[in-house]
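Every value quoted in this text rests on a predicted model; they were computed, and no experiment measured them. Numbering starts at 1 and runs along the sequence shown.
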Amino acid sequence: MKTWLDKFKLALIEENVNILEELISNFPNDIEKEKLSEAKALIEEAIKLISDKKDAVAMEIHKFKRALEYTKA
């Protein structure tokens, strides 16, 4: 059985935002103290990944809006 950290690492590698969000929402209460710093670092990376993806999507939406305006002109 995979641990929460293993699942989180895999989701981060795969850049699977849906699984990352689900795992963050279901953070285990019984995680070992030694693993907390690793979990914190992984969550920080996930936040960065999600933020980067959000920025990329916003950029694409902006491009589509400009293209739409151009075609209407």
Side-chain angles (χ1 to χ4, degrees):
M1 185 174 140
K2 289 186 180 179
T3 66
W4 183 91
L5 279 174
D6 292 336
K7 291 177 186 175
F8 200 89
K9 288 176 191 176
L10 183 60
L12 194 57
I13 290 168
E14 293 176 345
E15 297 185 357
N16 190 328
V17 174
N18 294 331
I19 293 176
L20 289 170
E21 289 175 344
E22 182 182 325
L23 288 167
I24 289 171
S25 296
N26 298 313
F27 190 81
N29 295 331
D30 60 345
I31 195 164
E32 300 169 22
K33 285 187 177 184
E34 301 82 33
K35 302 286 184 177
L36 281 176
S37 61
E38 183 179 1
K40 180 182 180 245
L42 289 170
I43 291 170
E44 288 171 351
E45 282 300 312
I47 290 168
K48 183 176 181 262
L49 172 71
I50 292 168
S51 178
D52 291 347
K53 284 189 174 277
K54 183 183 94 174
D55 292 344
V57 168
M59 198 101 136
E60 290 300 315
I61 289 171
H62 182 68
K63 286 180 188 177
F64 284 124
K65 283 182 179 178
R66 284 193 293 162
L68 184 60
E69 289 172 8
Y70 178 77
T71 59
K72 286 183 178 179

In Å and rounded to the nearest 0.5 Å, what is the [atom1] to [atom2] distance from [X] to [Y]?
{"X": "Asp52", "Y": "Glu45", "atom1": "CG", "atom2": "CD", "value": "9.5 Å"}
{"X": "Glu32", "Y": "Leu5", "atom1": "CD", "atom2": "CG", "value": "8.5 Å"}
{"X": "Leu49", "Y": "Lys53", "atom1": "CG", "atom2": "NZ", "value": "5.5 Å"}
{"X": "Ile47", "Y": "Lys54", "atom1": "CD1", "atom2": "NZ", "value": "12.0 Å"}
{"X": "Ser37", "Y": "Lys40", "atom1": "OG", "atom2": "NZ", "value": "9.0 Å"}
{"X": "Asn26", "Y": "Lys7", "atom1": "CG", "atom2": "NZ", "value": "9.5 Å"}

Salt bridge check: are [X] and [Y] linked by an N-O gap of less than 4.0 Å?
{"X": "Glu38", "Y": "Lys9", "answer": "yes"}
{"X": "Lys63", "Y": "Glu60", "answer": "yes"}
{"X": "Lys48", "Y": "Glu44", "answer": "no"}

I'd like to check Ile19 versus Phe8 (side-chain heavy atoms, cut-off strictly below 4.5 Å). Are they in contact?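 SC-SC contact between Ile19 and Phe8 ruled out.
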Phe27 and side-chain contact (heavy atoms from CB on, under 4.5 Å): which partner among Leu23, Ile31, Ile24?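 Going through the options one by one, the only one that passes is Ile31.
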Closest approach of Leu68 to Thr71 (non-hydrogen atoms, all atoms of both residues):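 Shortest heavy-atom contact: O-OG1, 2.8 Å.
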Hydrophobic cluster membership, Leu36 vs Leu12, 4.5 Å side-chain cutoff: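 Yes: a chain of side-chain contacts under 4.5 Å links Leu36 to Leu12.
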